[in-house]
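Have a look at the structure below, then the notes.
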Amino acid sequence: MPALSSVCVFCGSNGGADPAYLAAAEAVGAGLAQRGIRIVYGGGRVGLMGALADSARAAGGEVVGVMPQALVDREIGHTGIDDLRVVDTMHERKALMVELSDAFVALPGGIGTLEELFEVYTWAQLGIHAKPLGLMDVAGYYRPLVAFLDHSVQERFLRPETRTMLAVSDALGDLLAAFERFEPVTLQKWIDLDQT
């Protein structure tokens with residue numbers, strides 16, 4: 001895979017209960033910036049989003065935020081970044097984030113973070129894009145989700161090859177190394193059709 005120039009980071013607009021979550025967002029922001037990798041994210045100034053953007057900017061990184069007008073109107077858009085793109089809908093937000101990014105990382109977050117992650121994961125499964133994606137498993141936050149995905153494989157709702165599309169680590173360097181090794185999987189998603 002060619003070198004990454006832009007990584008989309010999905011993460012919470014809250015800080016979470018464990019200080020490790022904010023620390024990880026700051027480390028990812030700074031780590032990507034120090035590697036010259038542009039960050040694309042949801043455009044917020046609060047929670048993990050704000051920590052990610054602020055640390056990347058402090059490290060001299062380029063940060064692109066994408067946010068629907070309705071959220072900008074609630075005054076949570078980050079005015080301290082150079083490039084805040086305002087769109088009309090959440091659908092447009094996600095489409096633009098995918099278009100602007102070479103890979104995807106999910107830091108801890110709530111249902112919005114999970115929804116964004118699973119949409120790009122689904123698109124990868126369907127061959128709509130061929131970009132790597134990963135979970136930053138900070139302090140074991142995603143351990144139950146990883147166990148559930150493994151359970152889905154066991155119960156034949158998810159192919160093992162599709163499961164391995166999602167890299168999991170608690171270290172940014174490990175995720176980026178996995179992204180470098182990434183090769184798109186070209187299988188149909190329907191497991192039972194293999195038997196007909």
Q | Under the side chain to side chain contact (heavy atoms under 4.5 Å, CB included) test, residues paired with Glu99 that sit two or more places apart | A | Leu96
Q: Taking the side chain as every heavy atom from C-beta outward, state whether Leu145 and Phe118 have any atom pair closer than 4.5 Å.
A: yes
**Q.** Interatomic spacing from CZ in Phe148 to CD in Gln154 - rounded to 0.5 Å
**A.** 12.0 Å
Q.
Restricting to side chain to side chain contact (heavy atoms under 4.5 Å, CB included), what partner residues turn up for Ala171, sequence neighbours left out?
A. Ser169, Asp174
Q: Could you list all the side chain to side chain donor-acceptor pair (under 3.5 Å) pairs where at least one residue sits in residues 40-60, not counting sequence neighbours?
A: Asp54-His78, Arg57-Asp82
Q | Nearest non-hydrogen partners of Ala33 and Gly61, listed with the distance | A | CB-CA, 3.5 Å
**Q.** Minimum-distance pair of heavy atoms, taken over all atoms of Ala53 and Ile81
**A.** CB-CG2, 4.1 Å
Q: Report yes if the side chains of Leu176 and Val105 come closer than 4.5 Å at any heavy-atom pair, otherwise no.
A: no
Q. Is any side-chain heavy atom of Asp137 less than 4.5 Å from a side-chain heavy atom of Val146?
A. no
(Q) With rounding to the nearest 0.5 angstrom, report the CD to CG distance, Gln125 to Leu158. (A) 6.5 Å
**Q.** Inter-residue atom distance Ile39.CD1 - Leu100.CG, 0.5 Å rounding
**A.** 13.5 Å
Q. Do Leu126 and Tyr121 sit in the same hydrophobic cluster, where Ile, Leu, Val, Met, Phe, Trp and Tyr count as joined when their side-chain heavy atoms come under 4.5 Å apart?
A. yes
Q: Answer yes or no: is there a side-chain heavy-atom contact under 4.5 Å between Leu172 and Arg35?
A: yes
Q | Results of side chain to side chain contact (heavy atoms under 4.5 Å, CB included) for Ser6 - residues two or more places apart only | A | Arg38, Val40, Ser101, Asp102
Q) Can you list every side chain to side chain donor-acceptor pair (under 3.5 Å) pair that touches residues 61-70, not counting sequence neighbours? A) Gln69-Asp73
**Q.** Which atom of Leu133 lies closest to which atom of Ala124, heavy atoms considered
**A.** CD2-CB, 4.0 Å
Q) Side chains of Leu117 and Leu166: does their closest heavy-atom pair fall under 4.5 Å? A) yes
Q: Apply side-chain hydrogen bond (donor to acceptor under 3.5 Å, both in side chains) to Arg93 and list each qualifying residue two or more places apart in sequence or on a separate chain.
A: none
Q: Not counting sequence neighbours, list each pair that qualifies as a side chain to side chain donor-acceptor pair (under 3.5 Å) and has a residue in residues 142-152.
A: Asp150-Arg163
Q: Side-chain contact test, heavy atoms from C-beta onward, threshold under 4.5 Å: evaluate it for Leu48 versus Val9 and give yes or no.
A: no
Q: Quick one: list whatever passes side-chain hydrogen bond (donor to acceptor under 3.5 Å, both in side chains) with Glu119, sequence neighbours left out.
A: Lys94
Q. Can you tell me how far the CG atom of Leu175 sits from the CE atom of Met136, to the nearest 0.5 Å?
A. 5.0 Å
Q: Taking ring pair (Phe, Tyr, Trp, His ring centres under 6.0 Å) as the test, write out the residues that go with His129, two or more places apart.
A: Phe104
Q. Residues in salt bridge (charged side-chain N to carboxylate O under 4.0 Å, His left out) with Asp83, at least two apart?
A. Arg85
Q) Looking at Pro160 and Val153, what are the two nearest heavy atoms and their distance? A) CG-CG1, 3.9 Å
Q.
Please enumerate all residues that pass ring pair (Phe, Tyr, Trp, His ring centres under 6.0 Å) together with Tyr141, with sequence neighbours excluded.
A. Tyr21
(Q) Test of understanding: with side chain to side chain contact (heavy atoms under 4.5 Å, CB included), list the residues that count as partners of Val46, not counting sequence neighbours. (A) Ser13
Q | Non-hydrogen atoms of Ala17 and Pro19 that approach each other most closely | A | O-CD, 3.7 Å
Q: Taking the side chain as every heavy atom from C-beta outward, state whether Val28 and Leu52 have any atom pair closer than 4.5 Å.
A: yes
Q | Side-chain heavy atoms of Val98 within contact of Lys131, under 4.5 Å | A | yes
Q: Locate the shortest heavy-atom distance separating Ala24 from Val138; write the atom from each residue and the value.
A: CB-CG2, 3.4 Å
